[in-house]
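Just below is one structure, and these are the notes that go with it.
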Amino acid sequence: MASTRPVPFARTVIGPEARSAVDRVLESGWVTTGQEAIEFERELADYVGASRGVAVSSCTAGLELALRALGLPRDARVLMSTDTFCGAAGAIAHAGLTPVLVDVDPRTAVPTEENIRAAVREVGGVSAMVVVHLGGHPVDVEAAAAAAGLGLDHVIEDAAHALGTEVGARRVGSISRATCFSFYATKNLAIGEGGMVTTSDEDFADTLVRTRLHGMSRDAWRRYRPGAGWRYDVADDGLKANLTDVQAAIGRAQLRRFGADQARREAIAARYDAQLAGLPSITLPPRPVEGRHAWHLYAVRVQPGFPVPRDELIELLSARGIGTSVHFIPLHRLTWHVEHCVVPATGLPGADEVFEGTVSLPFDQNLTDDDVDEVCAALWQIGGIR
Ligand SMILES: *Cc1c(COP(=O)(O)O)cnc(C)c1O
């Protein structure tokens, strides 16, 4: 049997540059949001081609802040895919709005324009939409907005998987009103926890800067500087969702190696593609027709003809020390979401079909070629061929 050593689903590597940057911050006497966060905001905004970045405690908090900043009436409807992480629907509801779930194309796991038009017709219109670049695969944001009858100023992107994704020739982060990134432990740029909202709308960015910190007109960093005044006002309803300088220092170091990490992710995806090509009843992740995939996930689809169903495949891989995950349990199968989201009467059959067979293979930039080969050998063996 090929199994030699465990291959975990994903590992977080915080390198030596990040560690010395953290030391520098810890010794500086200022550890919460300050100069490091400001630098990280500027560098990430530059990377994606937006004019502003607003560092926040998580992508989920960023989504909630961005949705609140749209200033929509209470209970206004916000369209989102049912096939994504649960947090985005919670953010919509916590912003006082109503999530409307839309089905996906079973081949791509992303809503088609027809899916979007059908969902909008059924509820009689939506006020905004959250677009997710699932797994890092680019979604045509403009086409999705048009299908929903919305301008791009009423679209917020959940780009938790999409730092490095390009839609056509454009990096995700500069397309819609606001784009929310995650630096959670398993994401392509990992800090552990953290997020960033990028936007090219200055007023919108200023609102986010206040509302990420209780709605205060000036944060502590600015009030405590020599010569600065101590007064502030609170004119907005805010959250406590700022990013610390300790986290920002890690993020800046990770951003410096991000290009190399992404190149390695592309090479790993290509190796999986080459080794798994021809394995019967396993469908490989689709390649974008144009643009660039950020390869956050490498999810294959177990078709009904495969010798074992998806759940058994996960157990067999796990017995060989190979970690996997499932992205995602569709939201219309989660208790809270059924109670708080609008779910079409016809159900969401495309997402159900995806959920039946999808499994995400081990994937991070630190996988070795041997790791990939071991996973592929196990799949061929279970597939009954070799
Ligand atoms: C991880 C993830 C989030 C949440 O990110 P946090 O930074 O943990 O809040 C949101 N959406 C998707 C698609 C995710 O995978």
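All ligand and atom numbering here is 1-based and tracks the order in the structure. Note that the numbering runs from 1 along the sequence shown for the chain.
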Exercise for the section: With sequence neighbours excluded, tell me which residues meet side chain to side chain donor-acceptor pair (under 3.5 Å) with H332. Expected result: T82, D352
Handout entry: salt bridge (Lys or Arg N to Asp or Glu O under 4.0 Å) partners of R68, counting only residues at least two apart
Key = E64, D237
Exercise for the section: Any chance you could measure E353, atom CD, to R107, atom CZ, to the nearest 0.5 Å? Expected result: 10.0 Å
Exercise for the section: Would you mind reporting whether L67 and V130 have side-chain heavy atoms less than 4.5 Å apart? Expected result: yes
Ligand-protein N/O pairs under 3.5 Å (ligand 1):
| from | atom 1 | to | atom 2 | distance (Å) |
| --- | --- | --- | --- | --- |
| ligand 1 | 5 (O) | S182 | OG | 3.3 |
| ligand 1 | 7 (O) | C59 | N | 2.9 |
| ligand 1 | 7 (O) | S182 | OG | 2.7 |
| ligand 1 | 9 (O) | C59 | N | 3.4 |
| ligand 1 | 9 (O) | T60 | N | 2.9 |
| ligand 1 | 9 (O) | T60 | OG1 | 2.5 |
| ligand 1 | 11 (N) | D158 | OD1 | 3.2 |
| ligand 1 | 11 (N) | D158 | OD2 | 2.7 |
| ligand 1 | 15 (O) | H161 | NE2 | 2.6 |
| ligand 1 | 15 (O) | K187 | NZ | 3.2 |

Problem - Any V31 side-chain heavy atom under 4.5 Å of L26 side chain - result: yes
Exercise for the section: Please list all pairs passing the salt bridge (Lys or Arg N to Asp or Glu O under 4.0 Å) test where one or both residues lie in residues 241-262, with sequence neighbours left out. Expected result: E36-R252, E43-R252, R257-D261
